[in-house]
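Everything on this sheet refers to the single structure shown next.
Note: hydrogens, waters and symmetry copies are ignored here, and every other heavy atom, side chains too, is used. Below, read A as the first sequence line, B as the second, and so on, with proteins coming before strands; counting in each chain starts at 1.
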There are 2 protein chains.
Amino acid sequence: MKQPKVTVVDVAHAAGVSKSTVSLVLQGSSLVNETTRAKVGAVIRELGYVYNRSAANLRQSKSKIVGIVVNDLTNSFFAELAVGMDMVVQSAGYIQFMANSAENPDRQAEVIASMREHGMAGLILSPARGTTSADLRPLVDSGIPVVLVARNVPGLKVSSVVSDGHAGAAAAVRHLIELGHRRIAFLGGFNDTAVFDERMRGFRDALVEAGLDASDELVISSAPSRAGGVAAVERLLSMADRPTAALCFNDAVAFGACDGLRSARIEPGVDFGVIGFDDVIEAKTAVPALTTVSVDPQGMGRRAAQLLLKQINSGDFEPEALVASVRLVVRESCGAAQRMKREAVTA
Amino acid sequence: MKQPKVTVVDVAHAAGVSKSTVSLVLQGSSLVNETTRAKVGAVIRELGYVYNRSAANLRQSKSKIVGIVVNDLTNSFFAELAVGMDMVVQSAGYIQFMANSAENPDRQAEVIASMREHGMAGLILSPARGTTSADLRPLVDSGIPVVLVARNVPGLKVSSVVSDGHAGAAAAVRHLIELGHRRIAFLGGFNDTAVFDERMRGFRDALVEAGLDASDELVISSAPSRAGGVAAVERLLSMADRPTAALCFNDAVAFGACDGLRSARIEPGVDFGVIGFDDVIEAKTAVPALTTVSVDPQGMGRRAAQLLLKQINSGDFEPEALVASVRLVVRESCGAAQRMKREAVTA
DNA sequence: CTTGAAATTTGGAACGATCTAAATTACCAG
DNA sequence: CTGGTAATTTAGATCGTTCCAAATTTCAAG
């Protein structure tokens, strides 16, 4: 059962040539005679030879391995991201170490270190919450290309691919304004993250642009989860001058907000406008269907992988920052459907 | 920027010892003097040395890499599976190549070949539809441990971890019978897969056990997707002696079935009982909430990884077949809530 | 036949670790 | 001191590949 593994030398011997020739055949060199190439190829198949890439890399020190570390694979947004990367990495003839950091910076550091020991040529990282630039500095300084995706790490000079949170938030707010809302809140998310900051600024800028109130009390931060959404909406409902609509940090918060509204006998999408962010898979099927800002995670993954491969192949490179565009998907939770119905009646 | 990489020899030189000693330190051997160990450790940190595991493996030919290939990472069931594996693989000090085959056997073959060239110690595979035993034979024969998960490949003597589809389907059917249904259908899934066969037999056995009709016309196969569910339920509604409830091949089919029922003005969970399979994440939040057979994919992933590691560590091993137990999660779509309400009124 | 250039093939030194067996050093009792 | 054992350290071969420089073969023209 356990084959004593066969090497180039075995192949060479069986084919009656030298190991150098076999090596040449393996790399498809044009130096080798067509007859010998065929002969060696036949022997390779016959003996069931498998190429040992680590041995090869040892000599030429350029591996075909990239690392992919994602903060939460169970979140379908990040799973899609990973699948996008997988597609381009695979079709470029590379293979990936892939690991889930589960939002734990220590675990993240461990797997990155391990990948480095195994000789990865580059890393795509969707960083765990709390990742600092110091965590990544040694890796970056060693000259290994790194691409951050979905989230940024402040103070680190590396490439990144992030979605346009500012534009997305602004578009969502403009849509709510167009629907007639004049007092709009921003719900959920930890206010010490870069993503929060960007979306919140988009929110605020759109309000200011329309000459509406954009004061601090309209921004209610909380955990970026369903539970956080419930908590945030409770705070909102206790406000004196109560808003009539809200943009949420992400879809999970938006779902929580809907839960919270319902338990206060306020129907989301009818009595109150709710917009989410990310367009997770459940957004379409939820009741009411969630109006949300959609960010094609698979496309982002592909772009990140392309960027990384480009940097790996060009010995020297400059960090690049890509911004993935974003689009508002209007469904029911914002109340657009309601308004159309109303207009139909009036007409 | 680009460090000329430092090796054991550099460390040895800087620490004033031989490379053998450095190697001993690296493997934490007790042979080396405490003073030298400290000295070498300091130099290692100072020079920013990174261990080159491929070089090491070349000599000792036992890598700390496992391969994980999954048929569809965008499906949250399989994503959870992968996360479970990730957990145990990572904490065992291994690292994984992970790839998505996207249900494409050719792509699957490619990535497995690539992983093999890179020297993986074992493989966990959730096989793409259409995988044959011939596809995996060479790998298995080479003595590399392989664990199949979620799906089996007929005619291949390797370890596997699958859920108990028979018991799950039977439990679901018994529950429907208990709710008063006497004519029950099985919807969706391709009837040439092992998983289909197992679930369908569980369905049939439970019907026979209760002395009910279990004829072929009650089994309506289709694509295992939402669209497939719609198609299957349409065929069901055109039947002469129409069933009053259905067990679906998986949750996607169940959602489709609900869609189809609604467009025929039949309310799932009220006029018709629907049960799914897998307990995907949306099952809980859908309307009506889906009654379904839950299979803890993360736990399955963990068990698969544990099994693989066990086989890697014991030089020789026998294939083992693990069956993950399964439990029925009763929500709304089966009509149980309705019945309870009715009973409350009657009481 | 030679001959020289082109086409092939090849030996052996890397690559960065481990491992064996042997060398060196330390230490202690006599 | 000396011998002997225990504790450390080390030289050098080795793992499976690539690559350089050199060797060999092929072959058409003189």
For nucleotides 11-14 of chain D, give me every protein contact, N/O to N/O, under 3.5 Å, one pair per line with atom names.
unit_1, atom_1, unit_2, atom_2, d
D/dA11, N7, B/Ser20, OG, 3.2
D/dA11, N6, B/Ser20, OG, 2.9
D/dG12, N7, B/Lys19, NZ, 3.1
D/dG12, O6, B/Lys19, NZ, 3.1
D/dG12, O6, B/Ser20, OG, 3.4
D/dT14, O2, B/Arg59, NE, 3.3
D/dT14, O2, B/Arg59, NH1, 3.4

So which protein N/O to nucleotides 4-7 of chain C N/O distances come out below 3.5 Å?
none

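The two atoms that bring B/Ser101 and B/Gln108 nearest to each other are CB-CB, 3.8 Å, heavy atoms only. When every heavy atom of A/Gln311 is checked against every heavy atom of A/Ser159, the shortest pair comes out as NE2-OG, 2.7 Å. What you find for A/Pro105 and A/Arg129 is that their closest heavy atoms are CG-O, 3.4 Å. The nearest pair of heavy atoms linking A/Val32 to A/Ser29 is CG1-O, 3.2 Å. Here the closest heavy-atom approach between residue B/Pro319 and residue B/Lys157 is recorded as CG-O, 3.6 Å. Contact detail for B/Asn71 and B/Ser126: the closest heavy-atom pair is OD1-OG, 2.6 Å.
Between B/Gln27 and the phosphate of C/dC19, there is a side-chain N or O to OP1/OP2 separation shorter than 4.0 Å. Within the structure, every side-chain polar atom (N or O) of A/Gln60 is placed at least 4.0 Å from both OP1 and OP2 of C/dA14. Between A/Thr36 and C/dT9 there is a side-chain N or O to OP1 or OP2 distance below 4.0 Å. Contact between the side-chain N/O atoms of A/Thr21 and the OP1/OP2 oxygens of C/dT9 is not found at any separation under 4.0 Å.
Between A/Arg37 and A/Glu34 there is a salt bridge, since at least one side-chain N of the basic residue sits less than 4.0 Å from a carboxylate O of the acidic one.
Of the candidates C/dA17, D/dT9, D/dT17, D/dT17 carries the atom nearest the A/Tyr49 side chain, counting heavy atoms from C-beta on. Closest to the side chain of B/Ser23, out of C/dA17, C/dT10, C/dT18, is C/dT18. Nearest nucleotide to the B/Ala56 side chain, out of C/dG16, D/dT17, C/dA17: C/dA17. Here C/dG16 is the nucleotide among D/dC19, C/dG16, C/dT10 with the atom lying nearest to any side-chain atom of B/Leu58. The nucleotide whose nearest atom lies closest to any side-chain atom of A/Val32 is, among C/dC19, C/dT9, C/dG16, C/dT9. Taking the side chain of B/Tyr51 as heavy atoms from C-beta on, and the options C/dT10, C/dT18, D/dT18, the nearest nucleotide is C/dT18.
A side-chain donor-acceptor contact under 3.5 Å links A/Gln27 and A/Ser23.
When the P atom of C/dC15 is taken as reference, atom NZ of B/Lys5 falls 10 Å away, rounded to whole Å. Taking atom NE2 of A/His13 as the reference point, atom P of C/dT10 lies 13 Å away to the nearest angstrom. Computed from coordinates, the B/Arg53 CZ to D/dC15 C1' distance equals 17 Å when rounded to whole Å. Atom NZ in A/Lys62 sits roughly 11 Å away from atom P in D/dT18 (whole-Å rounding). Spacing between atom NZ of B/Lys64 and atom P of C/dT18 amounts to 13 Å, rounded to whole angstrom units. Between B/Arg37 atom CZ and D/dT9 atom P there is a gap of 10 Å when expressed in whole angstrom units. Atom CD in A/Glu117 sits about 13 Å away from atom C1' in C/dG16, given to the nearest Å. Between the C1' atom of C/dT9 and the NZ atom of A/Lys39 lies a distance of 16 Å, rounded to the nearest Å.
Over its full length, the helix from C/dC1-D/dG30 to C/dG30-D/dC1 turns its helical axis through 60°, comparing axes from the five pairs at each end and rounding to 10°.
For the pair B/Leu136 and B/Leu125, the minimum side-chain heavy-atom distance is below 4.5 Å. Using a 4.5 Å heavy-atom threshold, the side chains of B/Phe190 and B/Pro224 count as touching.
B/Val9 comes within 4.0 angstrom of nothing in the nucleic acid, heavy atoms only.
Of the residues near DNA chain D, A/Ser54 and B/Ser30, the one whose nearest nucleotide (by heavy atom distance) lies more toward the 5' end is B/Ser30.
Between B/Ile124 atom CD1 and B/Leu308 atom CG the span is 5.0 Å, to the nearest 0.5 Å. How far CG of A/Asn33 is from CG of A/Leu24: 12.0 Å, rounded to the nearest 0.5 Å.
Put simply, the side chain of A/Ser160 never gets that close to the backbone of A/Asn152: no donor and acceptor are under 3.5 Å apart.
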